[in-house]
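A short write-up of the structure that comes next.
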Amino acid sequence: MKETDFAKIEKKWQKAWEDKKAFEVKEDKKKQKYYVLEMFPYPSGTGLHMGHAHNYNIGDIYSRFKRMQGFNVLHPMGFDSFGLPAENAAIKAKSHPKKFTEEAIANFIRQMKDLGLSYDWSRMVETHKPDYYRWDQWIFLKMYEKGLVYRKKSPVNWCPKCNTVLANEQVIGGKCWRHEDTNVEIKHLEQWFFKITHYADEIYEDLNKLDDWPELIKRLQRNWIGKSEGAEIDFIINKEKWKIFTTRPDTIFGVTFLVISAQHPRLMDIVTSEQKAKVQGFVKKLHSVKEEDLDKMEKEGVFTGAYASHPLTGEKIPVYAGNFVLADYGSGMVMGVPAHDERDYEFAKKYKLPIKYVVKPEKAEKIEGAYEGVGILVNSDSFNGLQTAEAKEHIIKVLETKKLGKKVINFRLRDWLISRQRFWGTPIPIVYCDKCGVVPVPEKDLPIVLPEKIEFKGVSNPLLQYKPFLEAKCPNCKGPARRETDTMDTFVNSSWYFLRYCDSHNDKKIFDSAKANYWCPIDVYVGGKEHACLHLIYFRFYTKFLRDLGLINFGEPARRLFNQGFLLGPDGERMSKSKGNVILPEVVSKKYGIDVARLFLVSIASPDKDIMWSDEGIDGTFRFLKRVFSYVSNMKEGKTSKKIESKIHSTIKKITEEIENFKYNLAVIRLRELFESFEHESIAKSDFNLFIRLLSPFAPHLSEELWQIIGNKGFVSLAPWPEADEKKIDEKFEQAEKSADKTVSDILNVLRIVDEKKGKANKVYVYVMPFELEYYDSNELTKRVGKPVMVFSVSDKKKHDPQGKASKAKPGKPGIYVE
RNA sequence: GCAGAGGUAGCAAAGCGGUCAAAUGCGAGGGACUCAAGAUCCCUUCCUUCAGUAGGUUCGGAGGUUCGAAUCCUCCCCUCUGCACCA
């Protein structure tokens, strides 16, 4: 077999699948649906590399498996085609991003088809097309209607390289998510926000329902959303109520100071004239600190001169301005309980403020510093003796009756800033009218289309200078108005694409609800964990919003999430062009065929682990598949045996479970073991048919070819998945197989020793227990040992056994004689 | 600092209370085939021993639970990945 043949076979079947539309699906009430989705890619100009292939392969295996199991499998693909790289390329080439994007998409599609992925291409979505993004705009208007969109001037994250603002989620450790080396700057701008916080609680709580999501992702999301239950308590400063937020209302009797954020907009309202200069100096000093050093800063504060009165004791409590209190979380002011909070303790020590213990641990412990645990209240008036949890309830209740506080839940999650000062994104459907102000574009005027004739000259958004786009009529008064030039964050596009796949050509509606409800939610969603706090939060938010609009009847987009590991280059580094370690599918495909690569990728390790490409490793997979082909071309139809049937059915059982749990690596090992048994034993054609079906999800093209060679009709990709027949599985055959392996090595060991001591032996006699006779096949042993092997039962009177070796036989360990 | 994941034979990677000296692949070595090489096939690959199927020491380190631990518990060391003052 020539090495290039695999590639040729693959082309043949890719064409056949396409011609027969093998993977296109329709809603079918009679069949159970199954929706497998891989996160769609941004079509980058550099094309698709083996890392992408790995990702899609994982989803493809699953969808092929489910399809064979008889499910009506939706497995679509599309492109997240708005984004900066295309725009930057356009600026450089003085061209249009559409050109770059569509070239890149064409390239991606070609590459994906070469991978033999079983997509229903008829459902493809491309987010840069007006027939897609008009629905982004439509959703924007719906959110606007529901009060979930607002415009606000606020401090926002600005990436100087992207020349645009970023959402909180796109700032990673103070750097831009696209530019690891670029610090994000803070700018004060008027921007559009989606009120994702409206759903904060539900997004948080519903994580509990997502049993089949990785714990890691759920934990990251919980962390990001940061739900804290506590109380808002009023302290009176200058006869005015000032709120603080605390999760520990039970420690209220331990308050010895308050700290207001140095960035608090109303800070100066409470500062006394004597302290004014000091406070101003402090605030000024803070502003001079660079953004990156902010978190390394020591806790510092300055007395404001003001005193608050304690809501329960009436005590006078000093108010400090502090650098460690966040202005935009809670109310921007906190109570200081140094006895029970590490930070407050540090602060109190520094400024010599009193420390008052009000919670005593239940078990006697020596307290040093702050005690943050739970316990029994002391020094707390009528609340003494209560446990932390009950104390919280009681104190809140008392505060509520006095109208000095209430129970509240705070979230760390902020609203989603969606404005981007860039061209290549979904235009925000808003106009600004001198008379009417901010006016949303009516639905009937959608889509607001990005101009095609526009020129790309500089770095800033060209829409700002492009009059045909800029000049609009006010939908209200029909007077002149100016169009919004900011576009939407690309994560908007990817937040609902999975729904559009269900009805991707609908030009009347965003999608047909019945269709979406049939296919969704996604049954298995495959993608990287880097989206834990980005896409995977946004699309959960969108799903809840669209449900509340009445468009869909479910609130979670994906039942199960699978995070695949990264494919690293042969050097163990992330693949990148600059490192020169990129593995391209087309290169590998030419040498081995793509099925070899696909099978190899899932053989290396469990798909959720990071794996390293190895040029030697793939040879092993190549050898295996070549062996299968040469086996078929020399195959003699024989008779099946109970032994081989047992092996087949236990393999079916295990592989089915292993694929179900994404343990592809183990499934592949089982397949190889099964095949090895075939090489040792006589099998029937039907046995081999079962093997091809098991192989098919992993090596789909080659399996089709084998299927055909063996004389089957139709696609093996659409053949039913084998069912394990438990009755045919017999443990003793597994045991026998192990014993045979052991016997082979024992025989060879004896032969070696005899060779050394007495010279060559040429015949081998094996004495087995009578009931084991059927497990030892002399043909098989002869083949493996390379010398004629005779198998006798120990009870056989006519056996050849001059040295009485038969007496050494034990169950599973036959006696051996050589001469 | 806090939280999580992990450390298994030359490498990669399964195993997660007995059936474990530990699947599988790669690499390495031996053999068969061949004039030879390659391909292919068979075998070996922790150490010792040997007409055999035995013994010894292993699964980051140190203890512990158990008749029995790579697998469970405690402490320690190392690696990775998140969150970094959210009150």
Side-chain angles (χ1 to χ4, degrees), chain A residues 1 3 172-174 214-217 219-220 222-228 230 244-248 251 259 294-299 322-326 328-337 340-344 346-347 372 410-414 529-530 532-533 572 600 603-606 609-612 614-621 623-624 626-627 630 663 665-666 668-673 676 679 731 734-735 738-739 741-758 761 783-787 803 805 808-810 812-819:
Chain A
M1 163 125 351
E3 295 193 353
I172 295 154
E215 283 307 316
L216 171 75
I217 301 294
R219 204 181 65 234
L220 291 175
R222 282 197 187 99
N223 237 305
W224 185 259
I225 299 164
K227 180 177 181 176
S228 9
I244 62 96
F245 174 72
T246 180
T247 54
R248 292 296 300 273
T251 62
V259 189
L294 214 62
D295 37 308
K296 289 177 206 123
M297 233 165 32
E298 212 182 310
K299 285 175 200 42
N323 63 3
F324 64 97
V325 176
L326 298 165
D328 58 348
Y329 181 77
S331 53
M333 188 150 146
V334 299
M335 64 186 206
V337 186
H340 304 290
D341 183 280
E342 207 59 63
R343 293 155 303 180
D344 296 349
E346 211 181 295
F347 194 83
E372 295 188 326
N410 255 324
F411 293 95
R412 185 180 169 277
L413 184 75
R414 298 298 131 85
K529 41 185 163 280
E530 67 276 14
C533 296
F600 172 58
S603 308
I604 303 171
S606 174
K609 295 224 165 137
D610 288 351
I611 53 172
M612 218 187 285
S614 130
D615 291 320
E616 292 89 54
I618 193 170
D619 282 327
T621 306
R623 280 197 284 269
F624 171 66
K626 278 193 293 190
R627 238 161 89 193
S630 74
K663 299 276 184 196
N665 54 329
L666 302 180
V668 173
I669 289 167
R670 301 275 110 81
L671 263 176
R672 296 178 81 125
E673 285 173 351
E676 212 161 298
E679 292 181 311
E731 284 294 321
E734 309 271 315
Q735 221 34 60
K738 277 187 196 162
S739 304
D741 288 347
K742 184 78 180 133
T743 304
V744 168
S745 77
D746 282 344
I747 293 171
L748 286 160
N749 193 12
V750 173
L751 282 171
R752 207 199 70 236
I753 295 159
V754 171
D755 267 10
E756 280 166 16
K757 301 218 163 155
K758 303 182 189 164
K783 197 175 147 204
R784 292 175 67 180
V785 169
K787 296 208 156 67
Q803 292 189 10
K805 296 289 182 192
K808 292 209 171 189
K810 287 183 231 162
K813 291 183 174 182
I816 296 162
Y817 173 70
V818 302
E819 62 178 25

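Each chain gets a letter, A, B and so on, in the order the sequences are listed, and its residues count up from 1. The analysis underlying the following values was restricted to heavy atoms, covering all of them including side chains, and did not include hydrogens, waters or symmetry mates.
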**Item:** With A:Ile217 via side-chain contact (heavy atoms from CB on, under 4.5 Å) - residues at least two apart
**Value:** A:Trp213, A:Pro214, A:Gln221, A:Lys529, A:Ala532, A:Leu536, A:Leu561, A:Asn563
**Request:** To the nearest Å, give me how far apart CG (A:Leu748) and C1' (B:C41) are.
**Result:** 13 Å
For nucleotides 56-60 of chain B, tabulate all protein N/O to nucleotide N/O atom pairs closer than 3.5 Å, reporting atom names and distance.
none

**Asked** If you write RNA chain B from 5' to 3' in dot-bracket form, with Watson-Crick or G-U pairs under 3.5 Å, [ ] for crossing pairs and | for pairs with another strand, what do you get?
**Response** ((((((((.[[[..)..(.....]]]((((((.......))))))(((.....)))...[[[[[..)....]]]]])))))))....
**Request:** Starting from P on B:A87, measure out to CD on A:Glu342 and report it in whole angstrom.
**Result:** 15 Å
**Item:** Spacing of the C1' atoms in B:C77 and B:G63 (rounded, Å)
**Value:** 15 Å
**Message:** Need one value for A:Arg414: base, sugar-phosphate or nothing, where a base atom within 4.0 Å counts as base even if backbone is also close, heavy atoms only.
**Reply:** base
**Request:** State, with a plain yes or no, whether a side-chain heavy atom of A:Asp341 is found less than 4.5 Å away from one of A:Val334.
**Result:** no
**Request:** Work out which heavy atom in A:Ser606 is nearest to a heavy atom in A:Lys663; give both atom names and the distance.
**Result:** OG-NZ, 4.3 Å
Using the 3.5 Å cut-off, write out each protein N or O paired with an N or O of nucleotides 4-13 of chain B and the distance between them.
residue: B:G4; atom: O4'; partner: A:Arg219; partner atom: NH1; Å: 3.4
residue: B:G4; atom: O2'; partner: A:Arg219; partner atom: NH1; Å: 2.9

**Request:** For residues A:Asn665 and A:Ser603, report the shortest heavy-atom separation together with the two atoms involved.
**Result:** CB-O, 4.0 Å
**Span that lies between the C1' atom of B:A22 and that of B:U57, in whole angstrom** = 14 Å
**Request:** To the nearest Å, give me how far apart CD (A:Glu530) and P (B:U81) are.
**Result:** 14 Å
**Request:** Check the pair A:Met335 / A:Thr251 against side-chain contact (heavy atoms from CB on, under 4.5 Å), numbers first and verdict last.
**Result:** CA-CA 10 Å; A:Met335 64 186 206; A:Thr251 62; 3.6 Å; yes
**Request:** Can you measure from CG (A:Leu220) to CD1 (A:Ile225) and round to the nearest 0.5 angstrom?
**Result:** 11.0 Å
**Request:** Run the numbers on A:Arg343 and A:Glu346 for salt bridge (Lys or Arg N to Asp or Glu O under 4.0 Å), then give the verdict.
**Result:** CA-CA 5 Å; A:Arg343 293 155 303 180; A:Glu346 211 181 295; over 6 Å; no
**Request:** Ignoring backbone atoms, test whether A:Ser228 places a side-chain nitrogen or oxygen under 4.0 Å from the OP1 or OP2 oxygen of B:A87.
**Result:** yes
**Request:** Round to a whole Å and report the spacing from NZ of A:Lys299 to C1' of B:G1.
**Result:** 11 Å
**Prompt:** For the residue pair A:Ala809 and A:Gly815, what are the closest heavy atoms and their distance?
**Reply:** CB-N, 3.4 Å
**Asked** Between B:U74 and B:C80, how far is it from one P atom to the other, in whole Å?
**Response** 24 Å
**Message:** Please find the pair of heavy atoms, one from A:Val754 and one from A:Val818, that lie closest to each other, and give the distance.
**Reply:** CG2-CG2, 3.7 Å
**Asked** For A:Lys742 and B:C43, what is the distance between atoms NZ and P respectively, to the nearest whole Å?
**Response** 14 Å
**Message:** Base, sugar-phosphate or nothing for A:Val259? Non-hydrogen atoms, less than 4.0 Å.
**Reply:** nothing
**Message:** Rounding to an integer number of Å, can you tell me how far A:Lys787 NZ sits from B:C33 P?
**Reply:** 10 Å
**Message:** Measuring from atom CD of A:Gln803 to atom OH of A:Tyr817, what distance do you get when rounded to the nearest 0.5 angstrom?
**Reply:** 5.0 Å
**Request:** Determine the minimum heavy-atom distance between A:Arg627 and A:Glu679, stating which atoms define it.
**Result:** NH2-OE1, 2.7 Å
**Request:** Select base, sugar-phosphate, or nothing to describe what A:Arg412 touches, counting heavy atoms under 4.0 Å on all strands.
**Result:** base
**Message:** Do A:Asp741 and A:Arg784 make a side-chain contact, defined as non-hydrogen atoms from C-beta onward lying under 4.5 Å apart?
**Reply:** yes
**Request:** Produce a footprint string for nucleotides 47-52 of chain B: one letter per nucleotide, 5' end first; B if the base is under 4.0 Å from any protein heavy atom, S if only the sugar-phosphate is, - if neither.
**Result:** ---BBB
**Message:** For the NE2 atom of A:His340 and the OG1 atom of A:Thr246, what is their distance to the nearest 0.5 Å?
**Reply:** 11.5 Å
**Asked** What distance, rounded to whole Å, do you find between the two C1' atoms, one in B:A39 and one in B:C72?
**Response** 50 Å
**Request:** Could you check whether A:Leu326 gets within reach of a base, just the sugar-phosphate, or nothing at all, counting any heavy atom under 4.0 Å?
**Result:** base
**Prompt:** If we take the C1' atom in both B:A62 and B:G15, what is their distance in whole Å?
**Reply:** 24 Å
**Value rounded to 0.5 Å, distance of OG1 in A:Thr743 from CG in A:Asn749** = 12.5 Å
**5' priority, RNA chain B, between A:Lys663 and A:Gly332 [closest heavy atom]** = A:Lys663
**Request:** Taking atom C1' in both B:C33 and B:C41, compute the distance separating them and give it to the nearest angstrom.
**Result:** 9 Å
**Item:** Distance, C1' atom - from B:A37 to B:A32, rounded to whole angstrom
**Value:** 16 Å
**Request:** Give the rounded distance in Å between these two atoms: OH of A:Tyr329 and P of B:A87.
**Result:** 4 Å
**Request:** Could you pull out the closest heavy-atom pair between A:Tyr329 and A:Ser228, with the gap in Å?
**Result:** OH-OG, 2.9 Å
**Message:** For the P atoms, the ones on B:A9 and on B:A5, what distance do you get once it is rounded to whole angstrom?
**Reply:** 22 Å
**Euclidean distance, A:Ile604 CD1 relative to A:Asp610 CG, rounded to 0.5 Å** = 11.5 Å
**Request:** Please state how far atom NZ in A:Lys626 lies from atom C1' in B:U40, giving the value in whole angstrom units.
**Result:** 9 Å
**Message:** Determine whether a donor-acceptor pair (N or O, by modelled atom type, separation under 3.5 Å) exists between the side chain of A:Glu372 and the backbone of A:Glu342.
**Reply:** yes
Polar atom pairs (N or O), protein with nucleotides 24-28 of chain B, under 3.5 Å:
residue: B:C26; atom: OP1; partner: A:Arg623; partner atom: NH2; Å: 2.7
residue: B:G27; atom: OP2; partner: A:Arg623; partner atom: NH2; Å: 3.4

